[in-house]
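Worksheet: the structure to be examined is printed underneath.
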Amino acid sequence: MDKASKALLFSCVLFSICASSFAQTCKSYTFSNNAIYSSCLDLPVLSSFLHWNYSQTSSTLDIAFRHTGASSSKWVSWAINPRGLAMAGSQALVAYEKSGVFHAYTSPIASTSTDLAEGNLSFGVSNLSASFANTEITIFAKLVLSDGETKVNQVWQEGNMVNGVPQIHATSGPNMQSTATLDLLTEQASNTGGGTDSKLRRKNVHGVLSAVSWGVLLPIGAMMARYLKVFKAADPAWFYLHIACQTSAYAVGVAGWATGLKLGIESSGVQYNLHRNIGIVLFSLGTLQLFALLLRPKKDHKYRLYWNIYHHSAGYAVIILSIINVFEGLEILEPGKDWKRAYIAILICLGSIAAMLEAVTWYIVIKRKRVSSDKFQHNINGSAYGVNGHGNGTHQVV
Ligand SMILES: *[C@@H]1O[C@H](CO)[C@@H](O)[C@H](O)[C@H]1NC(C)=O
Ligand SMILES: *[C@@H]1O[C@H](CO)[C@@H](O)[C@H](O)[C@H]1NC(C)=O
Ligand SMILES: *[C@@H]1O[C@H](CO)[C@@H](O)[C@H](O)[C@H]1NC(C)=O
């Protein structure tokens with residue numbers, strides 16, 4: 001077990017290092033103009049971040065609102081709405097490109113009019129500017145709020161520009177969930193926009209359960225089977241580790257699958273067919289793999305070869321489809337670019353660990369083959385033919 005457990009430990013350590021270094025939030029961001037803000041928040045939708053300094057004594061609020069993954073043909077807006085968590089009544093800061101430079105201005109949004117016309121806000125605004133760099137649009141401003149106002153309703157938005165004119169933003173999905181109360185003193189945003197909050201939470205639960213089980217645990221379980229098997233000392237152990245990993249992945253995965261089904265039933269009108277169909281195929285293949293365990297022929301049974309072929313191809317198909325479906329889900333949920341990056345990073349980590357272990361496995365197998373064929377030679381010379389010549393199956397890589 002020695003070599004095997006070392007390899008496993010090493011993979012786990014490598015994996016956790018990789019995973020932790022990509023959990024990026026607003027905290028680790030540095031502004032190119034060296035501005036420093038003491039508070040920040042990763043806003044729940046639209047890949048946006050709010051950084052701020054709030055002085056209770058002067059009621060001034062310095063903000064930097066960042067929207068990532070943008071292009072210069074986008075407009076962005078961040079607003080405080082004294083009237084509630086809605087668009088109407090928003091006191092908005094707006095930015096978009098105008099004759100080659102990003103330009104910021106204020107716009108009070110009276111009703112559901114969409115022209116984002118310039119006008120004075122209900123509170124003072126100074127030092128308003130905007131910048132665009134590295135697919136990020138940032139609005140900087142200093143606001144003077146009313147005395148003692150420490151909780152505000154914030155609304156943020158993004159949309160396309162056509163011929164220099166801001167167009168109406170998307171009216172579904174994340175663009176309709178981009179409101180939250182902001183506690184200026186505690187770095188907390190809570191969505192109180194009616195039913196969307198609990199639904200968003202359930203979407204996140206579905207996303208996390210599914211990504212962890214189908215997207216991460218299953219590939220790890222497959223790697224255990226493939227790479228621990230080669231260590232003779234890990235012989236029954238790899239099997240139980242593989243079973244333990246895959247059954248827990250399956251259990252969590254089914255929970256994720258069920259939350260997904262429920263979300264699908266609830267979201268009348270919106271259908272994500274590809275995501276749903278891959279999900280159904282995954283559930284079926286996963287269940288089949290569970291039965292495969294129970295119906296497994298003995299190692300030396302003549303059908304064992306066919307069972308192996310079936311089990312491996314179904315297993316690899318599940319892994320590939322799972323990864324595709326995690327990306328599909330990320331497209332639908334749009335939880336922010338960092339989540340996608342984090343998942344890609346995990347995949348790269350797992351991939352490099354697998355490549356490394358693949359090399360180790362081949363090295364061991366080839367060495368073992370050489371040793372046994374040396375012995376074989378030796379035995380022929382010593383006329384003890386046939387004792388070591390028959391591979392016992394543990395040499396096989398696949
Ligand atoms: C925010 O406050 C910190 C600490 O008080 C200060 O160093 C920083 O310059 C302030 N940032 C802005 C943009 O005012
Ligand atoms: C905004 O306020 C300034 C000074 O308070 C005033 O001069 C200007 O006309 C106002 N602009 C609009 C569009 O009302
Ligand atoms: C705001 O602008 C004024 C004048 O341009 C400048 O003196 C001041 O430093 C700026 N304040 C901040 C916080 O950027």
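Nothing here was measured: the structure is a model prediction, and the numbers come from that model. Read the numbers this way: they start at 1 and go in the same order the structure lists the ligands and their atoms.
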Checklist entry - Would Thr287 and Ser284 count as having a side-chain donor-acceptor pair, cut-off 3.5 Å? => result no
Checklist entry - Can an N or O of Ile36 be found at a distance shorter than 3.5 Å from an N or O of ligand 1? => result yes
Checklist outcome for this item: ring-ring contact (aromatic ring centres under 6.0 Å, His included) test vs Tyr37 passes for just one of Tyr29, Phe31, Phe49, namely Phe31
Checklist entry - In terms of atom number and element, which parts of ligand 1 are under 4.0 angstrom from non-hydrogen atoms of Tyr37? => result 13 (C)
Next on the checklist: Students often mix this up, so state it plainly: with edges at 30° and 60°, are the rings of Tyr96 and His103 parallel, tilted or perpendicular?
Outcome noted: perpendicular
Item to check | Element-labelled atoms of ligand 1 that are located less than 4.0 Å from some non-hydrogen atom of Asn53 | outcome: 1 (C), 2 (O), 3 (C), 8 (C), 10 (C), 11 (N), 12 (C), 14 (O)
Checklist entry - Parallel, tilted or perpendicular: which describes the rings of Phe102 and Phe132, with under 30° parallel and over 60° perpendicular? => result parallel
